[in-house]
Each structure stands twice: as C-alpha cells, then as structure tokens.
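The structure appears right after this line, and notes come after that.
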Amino acid sequence: MKTNSQNNQPTFNKVRDFVKSIPRGKVCTYGQVASHLGLKSPRIVGWALRGNQDKNIPCHRVVQKEGTLSPSFSLGGREEQKKRLLIDDTPFLSEFTVDLSKALYQIKKNPQT
DNA sequence: ACGTTGACTCCTA
DNA sequence: CTAGGAGCCAACG
C-alpha cells in the first residue's frame, strides 16, 4: 500500500519535481532531465514516470531526444500525449514529433544565481 | 546477489 | 525509414 506512498524516493522525487516544473508549451528530453538531475541513465527518468504516471505530473512534456513522443505513453498512448501537447500550445513538426527548436525547455543550472 | 524488464540513447548496415 | 546490437541503471521477483 501505499498509504500515501509518495514516499520521497530519491529518483522518483527528483524526476517528478522537475517534470512538474516544466512550463506550458515546453518539452524536455529524457537525456536532459537525467543529466540535469544527475541521473546516470535516461532510462531512469522514463522508468520513474512510468511507475508513477501521476496526473499531477505533465509527463506528456517529456519526449525523446529527437522530440518524438514515447511509443508507450500510458493514459491513452501517443494520441493522448500529442493532444495534451497541443493543448499546451506546443509546436509540432509531424504527427508525433515536437519542434525542439522552439519547444525545448532549456534547463538552467543556476537560474539567477 | 541474479535475471528480467523498461516511457532511452548510440552505433552500424 | 527499419532492424539488430550494445551500454546504461533502478526496481521487482
């Protein structure tokens, strides 16, 4: 159970918190998230989201390095993910590819420092 | 501890 | 574009 198990599991928490911090109309790649969070492999990011897929988390804003949507997105699949991205006003290059040139959320390590 | 799985990424052909 | 292989690391049985 989970009785709330939102237990702050390290990996989980970091990924969730970061994904929730992604602004609307922007997207992030697994590799970037992993790198920024200090994770060792982009798989960890995907794994974390898949295990939680909490609707409080804009997981649809996380895409592959090329901007392509994940082939196994839960909650409805690619179509649902694409639809959510369109709602977020995210520019698309093709049916399942986001325009990273415009929508890529560039991570800042020390915003304002 | 081991083996499998997985929302990744990179390579070659 | 597809197909196959390798590297990567955390969670689960």
Side-chain angles (χ1 to χ4, degrees):
Chain A
M1 71 141 225
K2 329 247 74 262
T3 40
N4 332 303
S5 27
Q6 310 209 345
N7 308 334
N8 313 323
Q9 289 181 323
T11 324
F12 254 53
N13 194 340
K14 286 199 283 191
V15 176
R16 285 180 36 202
D17 184 52
F18 178 76
V19 174
K20 291 198 300 184
S21 70
I22 300 175
R24 171 178 161 283
K26 294 284 182 178
V27 296
C28 245
T29 69
Y30 295 95
Q32 285 186 319
V33 177
S35 179
H36 176 66
L37 296 180
L39 303 180
K40 304 109 177 188
S41 169
R43 293 197 118 139
I44 309 304
V45 180
W47 165 87
L49 293 175
R50 180 199 136 194
N52 221 357
Q53 57 172 244
D54 197 315
K55 62 182 185 179
N56 302 309
I57 306 173
C59 30
H60 55 269
R61 290 184 188 148
V62 183
V63 297
Q64 303 200 150
K65 192 172 180 286
E66 302 294 325
T68 38
L69 306 185
S70 303
S72 306
F73 182 74
S74 302
L75 311 178
R78 300 169 284 181
E79 296 181 10
E80 187 63 36
Q81 186 173 10
K82 178 191 172 188
K83 185 164 63 178
R84 289 170 181 263
L85 287 168
L86 290 175
I87 295 172
D88 281 350
D89 194 44
T90 305
F92 268 74
L93 291 176
S94 50
E95 291 305 285
F96 297 114
T97 304
V98 179
D99 186 352
L100 295 181
S101 303
K102 300 175 183 173
L104 180 60
Y105 176 53
Q106 300 184 30
I107 305 171
K108 298 176 182 175
K109 300 190 174 184
N110 286 308
Q112 312 221 349
T113 345

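Chain letters run A, B, ... following the sequence lines, proteins first, then strands; residues in each count from 1. The structure displayed is predicted, hence computed values, not measured ones.
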Mind listing the side-chain donor-acceptor pairs of residues 61-69 of chain A below 3.5 Å, one per line with the distance, residues two or more places apart or on another chain?
{"from": "A/R61", "atom 1": "NE", "to": "A/D88", "atom 2": "OD2", "distance (Å)": "2.8"}
{"from": "A/R61", "atom 1": "NH1", "to": "A/I22", "atom 2": "O", "distance (Å)": "2.9"}
{"from": "A/R61", "atom 1": "NH2", "to": "A/D88", "atom 2": "OD1", "distance (Å)": "3.3"}
{"from": "A/R61", "atom 1": "NH2", "to": "A/D88", "atom 2": "OD2", "distance (Å)": "3.0"}
{"from": "A/Q64", "atom 1": "NE2", "to": "A/T68", "atom 2": "OG1", "distance (Å)": "3.4"}

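Classification of the A/F18-A/Y105 ring pair by plane angle, with boundaries at 30° and 60°, yields tilted.
Of all nucleotides in DNA chain B, those with any atom nearer than 4.0 Å to a heavy atom of chain A start and finish, going 5' to 3', at B/dG6 to B/dC10.
The stretch residues 89-105 of chain A participates, sequence neighbours left out, in these salt bridge (Lys or Arg N to Asp or Glu O under 4.0 Å) pairs: A/K82-A/E95, A/D99-A/K102. Residues in residues 23-43 of chain A take part in no salt bridge (Lys or Arg N to Asp or Glu O under 4.0 Å) pair, two or more places apart or across chains.
No path of Ile, Leu, Val, Met, Phe, Trp and Tyr side chains, each step under 4.5 Å between heavy atoms, connects A/V33 with A/L100, placing them in separate hydrophobic clusters. Under the 4.5 Å side-chain heavy-atom criterion for ILVMFWY residues, no single connected hydrophobic cluster contains both A/I87 and A/V19.
Summarising the geometry of A/A34 relative to A/S41, their closest heavy-atom pair is CB-O, 3.9 Å, with the distance given to 0.1 Å.
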| query | When you look at A/L75 and A/H60, which way does the side chain to side chain contact (heavy atoms under 4.5 Å, CB included) test go after all the steps? | reply | CA-CA 10 Å; A/L75 311 178; A/H60 55 269; over 6 Å; no

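Around atom CD of A/E80, more than 12 heavy atoms belonging to other residues, nucleotides or ligands sit under 6.0 Å away.
Within residues 37-44 of chain A, the residues having any heavy atom closer than 4.0 Å to DNA chain B are, in order of number, A/P42, A/R43. Within residues 89-107 of chain A, no residue has a heavy atom under 4.0 Å from DNA chain C.
In this structure, CZ of A/R50 is placed 15 Å from C1' of C/dC9, rounded to the nearest angstrom.
When side chains are defined from C-beta on, A/R78 does not count as touching A/S70, because their heavy atoms never get closer than 4.5 Å.
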